[in-house]
Amino acid sequence: MQPLSNDLIKAALDKRGFAYFVDADGDIAGNFQGNLIYFFRLGQRQEILQVRAMMQHVFSVEAVPKLYEFCNTWNRDQLWPKAYVQVTDDGQAIVVGEVTTDWEHGATLEQIDQVILCGVATGCRLGEALGELKSGPSRTA
């Protein structure tokens, strides 16, 4: 077991052969199937790993009620990622997916690998479902 660190996150990404970058703030991110996925360390001691997937599909603000319905259905039917709607500063609506795990007592590389794989795979599935929502006919409840 070791404390959560950027080096541990990078080692897990390297183990999978995932391409990633470190932004100017020191945050680790990568592009997965067109979705920008961040690997944030949060919490007082940065012991919480949050895999946050910013979906590539952008909607008008008028689509927010439809996106709320989509996210509610997703969150009811899927364990991961937790999905929510975010309105950007320029008035567009996006959906974000999150997988969050607390590693207060440390973690192994294998544990971090599993959380990252879960966040990336389910985040990409969320992106695919949003693509179907955007291109397909209106879904009714």
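The figures here come from the full heavy-atom set of this structure, side chains too, leaving out hydrogens, waters and symmetry mates.
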Participant: Looking only at heavy atoms, what is the nearest atom pair of Glu62 and Pro65, with distance?
Facilitator: O-CD, 3.4 Å
Participant: Side chains of Phe70 and Asn72: does their closest heavy-atom pair fall under 4.5 Å?
Facilitator: no
Participant: Quick check against the 3.5 Å criterion: does Lys82 have a side-chain atom that pairs as donor or acceptor with the backbone of Thr100?
Facilitator: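 Not at all, since once roles are kept as given, no pair shorter than 3.5 Å links the two residues.
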Participant: Between the side chain of Asp27 and the main-chain N/O of Asp23, is any donor-acceptor distance below 3.5 Å?
Facilitator: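 A pair under 3.5 Å: no.
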Participant: Decide whether Asp90 and Thr88 meet the rule of one side-chain donor and one side-chain acceptor closer than 3.5 Å.
Facilitator: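 Yes, side-chain donor-acceptor contact under 3.5 Å.
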Participant: Could you verify whether a donor N or O on one side chain and an acceptor N or O on the other, from Tyr38 and Gln50, lie under 3.5 Å apart?
Facilitator: no
Participant: Take Tyr84 and Glu98 through the side chain to side chain contact (heavy atoms under 4.5 Å, CB included) test and state the conclusion after the steps.
Facilitator: CA-CA 9 Å; Tyr84 59 90; Glu98 293 179 359; 2.5 Å; yes
Participant: Which donor-acceptor pairs under 3.5 Å do side chains of residues 122-130 form with protein atoms, sequence neighbours excluded?
Facilitator:
| unit_1 | atom_1 | unit_2 | atom_2 | d |
| --- | --- | --- | --- | --- |
| Thr122 | OG1 | Cys118 | O | 2.6 |

Participant: Could you walk me through whether His57 and Val95 pass the side chain to side chain contact (heavy atoms under 4.5 Å, CB included) test, one step at a time?
Facilitator: CA-CA 8 Å; His57 303 287; Val95 172; over 6 Å; no
Participant: What pair of heavy atoms forms the shortest contact from Ala93 to Ser60, and how long is it?
Facilitator: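 Scanning both residues, the minimum pair turns out to be CB-O, 3.8 Å.
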Participant: Determine whether a donor-acceptor pair (N or O, by modelled atom type, separation under 3.5 Å) exists between the side chain of Asn35 and the backbone of Gln56.
Facilitator: yes
Participant: If every non-hydrogen atom of Gly43 is compared with every non-hydrogen atom of Ile48, which pair is closest and at what distance?
Facilitator: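 The answer is CA-CD1, 4.2 Å.
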Participant: Using the test ring pair (Phe, Tyr, Trp, His ring centres under 6.0 Å), find all partners of Phe59 that sit at least two apart in sequence or belong to another chain.
Facilitator: none
Participant: Does Glu47 form a side chain to side chain contact (heavy atoms under 4.5 Å, CB included) with Arg41? I'd like the steps, not just the answer.
Facilitator: CA-CA 6 Å; Glu47 74 280 10; Arg41 290 174 47 218; over 6 Å; no
Participant: So do the side chains of Met55 and Gln86 get within less than 4.5 Å of each other, counting heavy atoms only?
Facilitator: no
Participant: Please find the pair of heavy atoms, one from Val96 and one from Arg52, that lie closest to each other, and give the distance.
Facilitator: CG1-CG, 3.5 Å
Participant: Kindly indicate, with the supporting measurements, whether the criterion side chain to side chain contact (heavy atoms under 4.5 Å, CB included) is fulfilled by Gln92 and Val61.
Facilitator: CA-CA 5 Å; Gln92 296 182 312; Val61 73; over 6 Å; no
Participant: Please give me the minimum heavy-atom distance between Arg16 and Gln114, naming the atom from each residue.
Facilitator: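 Smallest heavy-atom distance, with atoms named: NH2-NE2, 4.1 Å.
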Participant: Answer yes or no: is there a donor N or O on one side and an acceptor on the other, between the side chain of Glu69 and the main chain of Leu67, under 3.5 Å?
Facilitator: no
Participant: In the single-linkage hydrophobic clustering (I, L, V, M, F, W, Y; side-chain heavy atoms under 4.5 Å), do Tyr68 and Leu133 co-cluster?
Facilitator: yes
Participant: Could you report the tightest heavy-atom contact between Glu104 and Asp102, atom names first, then the distance?
Facilitator: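 Minimum heavy-atom separation between Glu104 and Asp102: N-OD1, 2.9 Å.
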Participant: Taking transitive links into account, so neighbours of neighbours count too, which hydrophobic residues share a cluster with Val22 at under 4.5 Å side-chain distance?
Facilitator: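 Hydrophobic cluster check, Val22: joined to Leu4, Leu8, Ile9, Leu13, Phe18, Tyr20, Ile28, Phe32, Ile37, Phe39, Leu49, Val51, Leu79, Trp80, Val99, Trp103, Leu109, Ile112, Val115, Ile116, Leu117, Val120.
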